[in-house]
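Have a look at the structure below before the remarks.
Small disclaimer: the values here were computed from a predicted structure and weren't measured. Just so you know, ligand 1 is whichever comes first in the structure, and atom 1 is the first atom listed for that ligand. Side-chain atoms are counted along with the backbone in the values below, which use heavy atoms only and exclude waters and symmetry mates.
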Amino acid sequence: MAELIGLKLEQRHGKSRVRVSRVWRDRDGKHHFAEWSVNISLLSDCLPAYVAGDNSDIVATDTMKNTVYAKAKECSEQLSAEDFAIVLAKHFTSFYQQVTAAIVNIVEKPWERVSIKGQQHKHGFKLGSERHTTEVMVDKSGALCVTSGIEGLSILKTTKSGFEGFIRDQYTMLPETRERMMATEVTASWRYSFESLSSLPLKPLYFTERYMDVKEVLLNTFFGPSKEGVYSPSVQATLYEMAKAVLGRFPDISFIQLKMPNLHFLPVNLPSKDNPVIVKFDDDVYLPTDEPHGTIQATLSRIRSKM
Ligand SMILES: O=c1[nH]c(=O)c2[nH]c(=O)[nH]c2[nH]1
């Protein structure tokens, strides 16, 4: 192809924000429900489409969208977002000779079953806050990478947080403190150690359970025990403890990234021309602000032993 002499083309194509929801009905009248926003991206041998206007090797993105609905219909048992992403990625890589790898991202809407008068409702759901995310990559050989995560987990504690001992210079105004609010919106993503389709766990809803468990470990570590809490010397130290707790607890997770913006609650002091002052801050009245905010993020992974 003359056009490609001296040039390198890297390409992928796919469909974004394919929204689908699925209901599964148990015999006893209990319903299960999921709502997903699916992104598909295919790596495929379709160079002629770019360089010669020849679409004969193109999987139409419209076909990708329809495949989401067709596969949702086929999945007759409730399944995790990860397993649905795997179903799709497997289909694209095995069905089309041209497709060498598929990347499927899903964001699940946080519908939660409601309880009415202490009883779980059979078919009623309300929208929660944080979202379960996943990215699955599958190639033709069956090699696989599953990353899962949480988006929008807003958490705050009103004490047991401080920040001291940082660098001071001519621009430093921030007082040291052992008493402040700590608030953040956690974005987490973690990679599972399963590296092939054949090594995936067979247990149904395995990844859904893991998601719930990881979230619980993150929250327990951030907050500490319910009565006494746990002191945080910085967002950095708490982030590290949270990441370490996840790797320590789940051997099938090889890597975790946490993004934890520091959402500030500023002390309010209103001076007055006369005494007494109108508002003197006593760890009680704050000005909440998310702009500007600190940005703190880190990844923690296992170092593979050379043995
Ligand atoms: O936990 C914190 N980490 C920082 O890096 C930082 N910087 C800052 O101004 N306040 C804080 N708090």
Side-chain angles (χ1 to χ4, degrees), residues 107 110 128-133 147-191 211-250 253-272 277-303:
V107 180
S129 44
E130 67 276 3
R131 296 169 296 280
H132 177 179
T133 62
T147 305
S148 295
I150 300 178
E151 257 176 30
L153 179 63
S154 291
I155 47 181
L156 169 156
K157 57 182 190 167
T158 51
T159 188
K160 294 282 167 113
S161 162
F163 190 57
E164 299 172 286
F166 46 88
I167 297 169
R168 299 209 78 89
D169 55 41
Q170 69 273 33
Y171 300 130
T172 308
M173 311 289 163
L174 188 71
E176 306 207 353
T177 183
R178 288 187 65 79
E179 179 59 55
R180 65 172 184 173
M181 301 265 262
M182 188 170 175
T184 188
E185 186 185 309
V186 180
T187 306
S189 65
W190 55 90
R191 188 177 311 143
Y211 168 77
M212 302 301 286
D213 291 345
V214 170
K215 187 162 64 174
E216 191 181 315
V217 168
L218 291 172
L219 293 176
N220 289 349
T221 314
F222 178 87
F223 290 115
S226 46
K227 283 217 175 88
E228 61 271 28
V230 62
Y231 182 74
S232 162
S234 64
V235 175
Q236 284 87 336
T238 296
L239 181 154
Y240 176 68
E241 288 301 322
M242 290 163 73
K244 193 167 63 133
V246 169
L247 292 191
R249 171 81 183 275
F250 305 108
I253 294 178
S254 57
F255 162 103
I256 180 163
Q257 178 184 61
L258 291 176
K259 295 183 183 173
M260 292 179 38
N262 189 8
L263 305 176
H264 305 300
F265 283 74
L266 308 177
V268 172
N269 281 297
L270 292 182
S272 150
V277 293
I278 300 167
V279 176
K280 179 165 178 1
F281 181 68
D282 190 21
D283 299 317
D284 47 5
V285 179
Y286 300 82
L287 191 160
T289 174
D290 49 17
E291 215 180 75
H293 62 73
T295 53
I296 290 136
Q297 69 176 68
T299 61
L300 191 66
S301 42
R302 298 178 199 284
I303 297 172

Which residues pass the side chain to side chain donor-acceptor pair (under 3.5 Å) test with Arg178, sequence neighbours left out?
Glu164
Looking only at protein heavy atoms, which one is nearest to atom 8 (C) of ligand 1, and what is the separation?
Phe163 CE2, 3.6 Å
Ring geometry between His132 and Tyr211 (parallel below 30°, tilted from 30 to 60°, perpendicular above 60°):
parallel
Please state whether Met173 comes within less than 4.0 angstrom of ligand 1, counting heavy atoms only.
no
Does Lys160 reach the main-chain N or O of Glu228 with its side chain, forming a donor-acceptor pair under 3.5 Å?
yes
Counting only nitrogen or oxygen atoms and a 3.5 angstrom limit, does Val235 reach ligand 1?
yes
When you measure from the side chain of Thr172 to the backbone N and O of Asp169, does any donor-acceptor pair fall under 3.5 Å?
yes
Would Ser161 and Arg180 count as having a side-chain donor-acceptor pair, cut-off 3.5 Å?
yes
Leu174 heavy atoms, cut-off 4.0 Å: which ligand 1 atoms fall inside?
8 (C), 9 (O), 10 (N)
Please examine the side chains of Leu218 and Ile150, heavy atoms only from C-beta on, and report whether any two atoms are closer than 4.5 Å.
yes
Just to confirm my output: which protein heavy-atom neighbour is closest to atom 12 (N) of ligand 1, and how far is it?
Arg180 NH1, 3.1 Å
Pull out every atom of ligand 1 sitting under 4.0 Å from any heavy atom of Asn262, numbered as shown with elements.
2 (C), 10 (N), 11 (C), 12 (N)
With sequence neighbours excluded, tell me which residues meet salt bridge (Lys or Arg N to Asp or Glu O under 4.0 Å) with Glu216.
none
Got an N/O contact under 3.5 Å between Gln236 and ligand 1?
yes
For ligand 1, the portion of Met260 having any non-hydrogen atom under 4.0 Å away:
neither
Short list, please: which atoms of ligand 1 are under 4.0 Å from a heavy atom of Ser234?
1 (O)
